[in-house]
Student: 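Before I ask anything, here is the structure I am working with.
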Number of protein chains: 2
Amino acid sequence: MSTSIEPSQLTAHLGYWLRYVSNAVSHAFARKLESRDVTVAEWALMRQLYETDAIAPSALSQQMGVTRGAVTKLVDRLLAKDMVVREDNPNDARAQTLALTPQGRSLVPELSALADQNDAEFFNHLAVDKRNHLEETLKDIVRRRGLTSIPLS
Amino acid sequence: MSTSIEPSQLTAHLGYWLRYVSNAVSHAFARKLESRDVTVAEWALMRQLYETDAIAPSALSQQMGVTRGAVTKLVDRLLAKDMVVREDNPNDARAQTLALTPQGRSLVPELSALADQNDAEFFNHLAVDKRNHLEETLKDIVRRRGLTSIPLS
DNA sequence: TATTGTTATACTCTATAACTATA
DNA sequence: TATAGTTATAGAGTATAACAATA
């Protein structure tokens, strides 16, 4: 089922289209998040914390697929916004745990609604089974990511 | 078909997974491109030029879904690397046309091979029909992008 | 020695908006 | 006035690598 969007076999790469769509979706989402003074990466972190409250930064970095340094920076920002708390681990003076503040926790559903709205703009025209397919396929790739190289430094 | 990756309805967003996977794929690809001294965005531009040689920067920016300013910067870099040429349009002194140099053109298949290799790492475990589905769905979204907001400034 | 988290540094990618030259 | 392209500025997002503290 070739279309005018695919003029050459040489340049038909899934990674390319993935990046193209992801950039557009994330950019539109960033605009929506501006109203709540949250960035996309901050949202991703809060979303993860919402699920696994409380968690060590190192574990979070692995779940998010980014470095510990990146987590440090995001958390610094979210601390300043009173969205998360950082606590020392009494059992290991090197370790910490992160958790959402009540304020942060209550914001997540609002952000989630914006994400739903953003999703709708980009994916609602797809048939339901196509949408589900896309979701399953993406998660399938995530499950496999151990096989490939994501920075964990 | 719920899995441990989806612990909450509240946080099941396609945009989230798209970004997660896209980041991982692009990062791994960036590492591969380093050996040719090309970045991912430069590759995207060269890929587009490969298909529509020669083209105006403004048209290219629309095809790529980025601003004209972004194209200017990428082209500046690719000029320095002798990958593209920038020519004045004799019919309109404001306009230009961009094209790949012979060197740039000959590099594209090499980069394409790296992209294939990268795709393989992330998508080969998927059944063929799932992979095709993913590609079609992504292109489907791109076709619709006129409906949503991509910066064109 | 290994691990946890931080920090310094440096990119890439991209936008916004003002600007210049031309139409 | 409108359009083509440039530029100045800024910020998000992220990595790498060295570091300090602790285990």
Side-chain angles (χ1 to χ4, degrees), chain A residues 16 19-20 22-34 37-45 55-62 64-79 81 84 86-98 149-153, chain B residues 16 19-20 22-34 37-45 54-62 64-81 84 86-98 149-153:
Chain A
Y16 177 90
R19 174 176 168 275
Y20 191 109
S22 175
N23 283 356
V25 173
S26 277
H27 182 252
F29 188 35
R31 304 279 264 177
K32 293 182 180 66
L33 288 176
E34 273 172 14
D37 190 28
V38 172
T39 69
V40 175
E42 287 166 7
W43 151 250
L45 193 151
I55 187 177
S58 53
L60 190 58
S61 92
Q62 279 191 288
M64 294 179 66
V66 299
T67 61
R68 286 171 294 153
V71 169
T72 296
K73 277 180 77 169
L74 289 173
V75 169
D76 283 347
R77 255 157 42 185
L78 289 168
L79 279 170
K81 295 179 188 175
V84 306
R86 183 144 59 183
E87 284 175 2
D88 290 339
N89 183 333
N91 304 318
D92 185 340
R94 296 171 303 181
Q96 304 173 348
T97 53
L98 302 171
S149 64
I150 283 195
L152 302 172
S153 158
Chain B
Y16 177 89
R19 174 176 168 275
Y20 192 109
S22 176
N23 282 357
V25 173
S26 278
H27 182 253
F29 188 35
R31 304 279 264 176
K32 293 182 180 66
L33 288 175
E34 273 173 13
D37 191 28
V38 172
T39 69
V40 175
E42 286 165 7
W43 151 250
L45 192 152
I55 187 178
S58 54
L60 190 57
S61 91
Q62 280 191 288
M64 294 179 67
V66 298
T67 60
R68 286 171 296 152
V71 169
T72 296
K73 277 180 80 168
L74 289 173
V75 169
D76 283 347
R77 254 155 45 185
L78 289 168
L79 279 169
K81 296 179 188 174
V84 306
R86 184 145 59 184
E87 284 175 3
D88 290 340
N89 183 332
N91 303 319
D92 184 340
R94 297 170 304 179
Q96 304 172 347
T97 53
L98 301 172
S149 63
I150 283 195
L152 303 172
S153 156

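Only heavy atoms go into these numbers, but all of them, side chains included; no hydrogens, no water, no symmetry mates.
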Student: If you measure from the Lys or Arg side-chain nitrogens to the Asp or Glu carboxylate oxygens, is any gap between Asp37(B) and Arg77(B) under 4.0 Å?
Tutor: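 A salt bridge is absent here (no side-chain N lies under 4.0 Å from a carboxylate O).
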
Student: What nucleotide among dA23(D), dT22(C), dA15(C) has an atom nearest to a side-chain atom of Asp92(A)?
Tutor: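 Of the candidates, dA23(D) comes closest.
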
Student: Taking 4.0 Å as the cut-off, does a side-chain nitrogen or oxygen of Arg86(A) come that near to OP1 or OP2 on dT6(C)?
Tutor: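 Yes, because at least one side-chain N or O of Arg86(A) sits under 4.0 Å from OP1 or OP2 of dT6(C).
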
Student: Is any N or O donor-acceptor pair between the side chain of Lys73(B) and the base of dT14(C) shorter than 3.5 Å?
Tutor: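 Checked by distance alone, the answer is yes.
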
Student: CD/Glu42(A) to NZ/Lys73(A) distance, rounded to the nearest 0.5 angstrom?
Tutor: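 Interatomic distance, Glu42(A) CD to Lys73(A) NZ, rounded to 0.5 Å: 11.5 Å.
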
Student: Taking C-beta and beyond as the side chain, do His27(A) and Val40(A) meet within less than 4.5 Å on heavy atoms?
Tutor: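 Sidechains of Val40(A) and His27(A): no contact.
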
Student: Select base, sugar-phosphate, or nothing to describe what Asn89(A) touches, counting heavy atoms under 4.0 Å on all strands.
Tutor: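 No contact.
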
Student: Give one of base, sugar-phosphate or nothing for Thr39(B), where a contact means two heavy atoms less than 4.0 Å apart.
Tutor: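 Counting heavy atoms under 4.0 Å across all strands, the contact made by Thr39(B) is with sugar-phosphate only.
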
Student: Ignoring backbone atoms, establish whether Arg31(B) has a side-chain N or O less than 4.0 Å from OP1 or OP2 of dT12(C).
Tutor: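 For Arg31(B), the contact criterion (side-chain N or O under 4.0 Å from OP1 or OP2 of dT12(C)) is not met.
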
Student: What does Val71(A) touch in the nucleic acid at a heavy-atom separation under 4.0 angstrom: a base, only the sugar-phosphate, or nothing?
Tutor: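 No contact.
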
Student: Any idea which heavy atoms bring Ala41(B) and Met64(B) closest together, and the distance?
Tutor: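 Minimum heavy-atom separation between Ala41(B) and Met64(B): O-CE, 4.2 Å.
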
Student: Nearest heavy atom decides the nucleotide; on that basis, is Arg94(B) or Ala56(A) closer to the 5' end of DNA chain C?
Tutor: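 It is Ala56(A) whose nearest nucleotide is closer to the 5' end.
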
Student: Both Ala70(B) and Gln96(A) contact DNA chain C. Which one's nearest nucleotide lies toward the 5' end?
Tutor: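 Between the two, 5'-proximity favours Gln96(A).
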
